[in-house]
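We number each residue from 1, following the sequence as shown.
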Amino acid sequence: MSSDTWLPDVWSPVQASAAAEARSMLACPETTSLHVDGIEDPIEADDLSVIDDCGTPVLLTVADSVLDGAAIRGARARLVVHSPLAEPDDAPGALELVGHLHRHHGCARGQVVVTVVVDHVLLHSSRGDRPTVAIEPDLFTRPELRLNRGYLERSAQHANEAHQAELCRSIATVTGTRLHAVAGVRLEQVTPSGVVLTWVDTSGAHRTEITFDRVARSPEELASLLSDHLHPDLC
């Protein structure tokens, strides 16, 4: 994402680039750990479901859990995120979000929604010669960053895992391949301007690119374009 189209004068291009990278990591985490004041051991990824809500980490837990109790008292917390997305030099780092926990109303099946109200954002590099970048929370949560690399990667992952039947029908329609001949489809890449698909049928392996008729500027526009150009049930 180009920063110069939306970046106010108060923030530098370095800050904008770091904010986009940090939001990508939160949108597409590989491992997460939550360190909470008053709780000795960190809460690891296996016990922690993290969702990015426009830069605010949303955590799902159950009523009366340790995390629920910490949220009720508004405990300070530090969320550390590692992502499979590499930095430009292929050296993945870590995202550190510091703030306090806030408990929301419970939802279905006894689950409780907890958010981290972030007041410090730190992007750490795994390279010793690159300093940690402190990112202004107001920049980190800008709505222009919703359609980030991590969100696009998660969109592709979700389609491959949950919408294989729809992808097979898309390939059959777009390429004129008989549906029963399509053995499997993979959405290799999603960008704001199009997608790359690979598939296998009875004649072998294939690859095709589909360019949207316009460039998506939000997750909602991307969903609409995926529906229009691939399948109406893709989400």
Side-chain angles (χ1 to χ4, degrees), residues 1-8 11-30 51-56 81 83-93 95 123 135 139-177 179 182 184-201 204-235:
M1 175 182 294
S2 174
S3 63
D4 56 4
T5 59
W6 58 270
L7 182 68
W11 290 304
S12 71
V14 172
Q15 278 270 310
S17 176
E21 186 68 21
R23 281 288 294 276
S24 291
M25 294 175 71
L26 181 60
C28 188
E30 184 173 55
I51 302 169
D52 173 24
D53 181 15
C54 205
T56 296
V81 178
S83 173
L85 298 176
E87 295 178 88
D89 56 5
D90 295 326
L95 172 64
L123 184 60
I135 303 166
L139 174 57
F140 180 72
T141 56
R142 285 187 69 86
E144 294 91 338
L145 293 177
R146 289 192 301 156
L147 199 62
N148 55 64
R149 286 199 307 136
Y151 181 88
L152 296 171
E153 175 64 23
R154 286 296 293 269
S155 296
Q157 291 175 2
H158 173 73
N160 290 327
E161 294 168 1
H163 294 286
Q164 186 61 207
E166 289 84 354
L167 290 175
C168 287
R169 293 189 184 96
S170 298
I171 281 295
T173 300
V174 170
T175 66
T177 304
L179 179 59
V182 180
V185 180
R186 180 172 179 80
L187 190 52
E188 292 287 346
Q189 184 181 39
V190 178
T191 73
S193 58
V195 297
V196 176
L197 296 129
T198 58
W199 78 97
V200 175
D201 61 25
H206 310 275
R207 181 181 186 274
T208 190
E209 297 184 27
I210 298 175
T211 301
F212 299 148
D213 54 13
R214 64 186 187 281
V215 177
R217 299 190 180 278
S218 69
E220 293 78 15
E221 287 187 12
L222 178 66
S224 177
L225 289 167
L226 289 172
S227 175
D228 292 343
H229 291 266
L230 292 179
H231 194 281
D233 291 336
L234 283 177
C235 58

field: Residue pair Ser193 / Val215, side-chain heavy-atom distance below 4.5 Å
entry: yes
task: Answer yes or no: is there a side-chain heavy-atom contact under 4.5 Å between Leu225 and Pro192?
output: no
Nearest heavy-atom contact between Gly55 and Phe140 is O-CE2, 3.1 Å
For Ala19 and Leu139, the nearest pair of non-hydrogen atoms, with its separation, is CB-CG, 3.7 Å
Tell me, please, which residues at least two apart from [X] pass side chain to side chain donor-acceptor pair (under 3.5 Å).
X: Gln189; value: none
X: Thr173; value: none
X: Thr198; value: Glu188
X: Thr211; value: none

[X] side chain vs [Y] backbone, donor-acceptor pair below 3.5 Å:
X: Asn160; Y: Arg186; result: no
X: Gln164; Y: Val185; result: yes
X: Ser227; Y: Ala223; result: no

Contacts of type side chain to side chain contact (heavy atoms under 4.5 Å, CB included), residue [X], not counting sequence neighbours:
X: Val174; value: Ile210
X: Thr208; value: Ile171, Leu197, Trp199
X: Ser224; value: Arg214, Asp228
X: Gln157; value: Cys28, Glu153, Arg154, Glu161

To the nearest 0.5 Å, what is the distance between [atom1] ([X]) and [atom2] ([Y])?
X: Tyr151; Y: Leu26; atom1: OH; atom2: CG; answer: 13.5 Å
X: His163; Y: Leu187; atom1: NE2; atom2: CG; answer: 11.0 Å
X: Leu226; Y: Asp233; atom1: CG; atom2: CG; answer: 12.5 Å

| field | Listed partners of Glu221 passing salt bridge (Lys or Arg N to Asp or Glu O under 4.0 Å), at least two apart | value |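 Salt bridge (Lys or Arg N to Asp or Glu O under 4.0 Å) list for Glu221, sorted by chain: empty.
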Contacts of Asp201 meeting salt bridge (Lys or Arg N to Asp or Glu O under 4.0 Å) (sequence neighbours excluded), chain-then-number -> none
Can a salt bridge be assigned to the pair Arg23 and Glu144 using a cut-off of 4.0 Å between side-chain N and carboxylate O?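 Looking at Glu144 together with Arg23, the answer is no, because their closest N to O distance does not fall below 4.0 Å.
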Legend entry - Verdict with reasoning, Thr177 to His206, per side-chain contact (heavy atoms from CB on, under 4.5 Å): CA-CA 11 Å; Thr177 304; His206 310 275; over 6 Å; no
Checklist entry - By ring-ring contact (aromatic ring centres under 6.0 Å, His included), which residues pair with Phe212, not counting sequence neighbours? => result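 Scan of Phe212 (ring-ring contact (aromatic ring centres under 6.0 Å, His included), adjacent residues dropped) gives His229.
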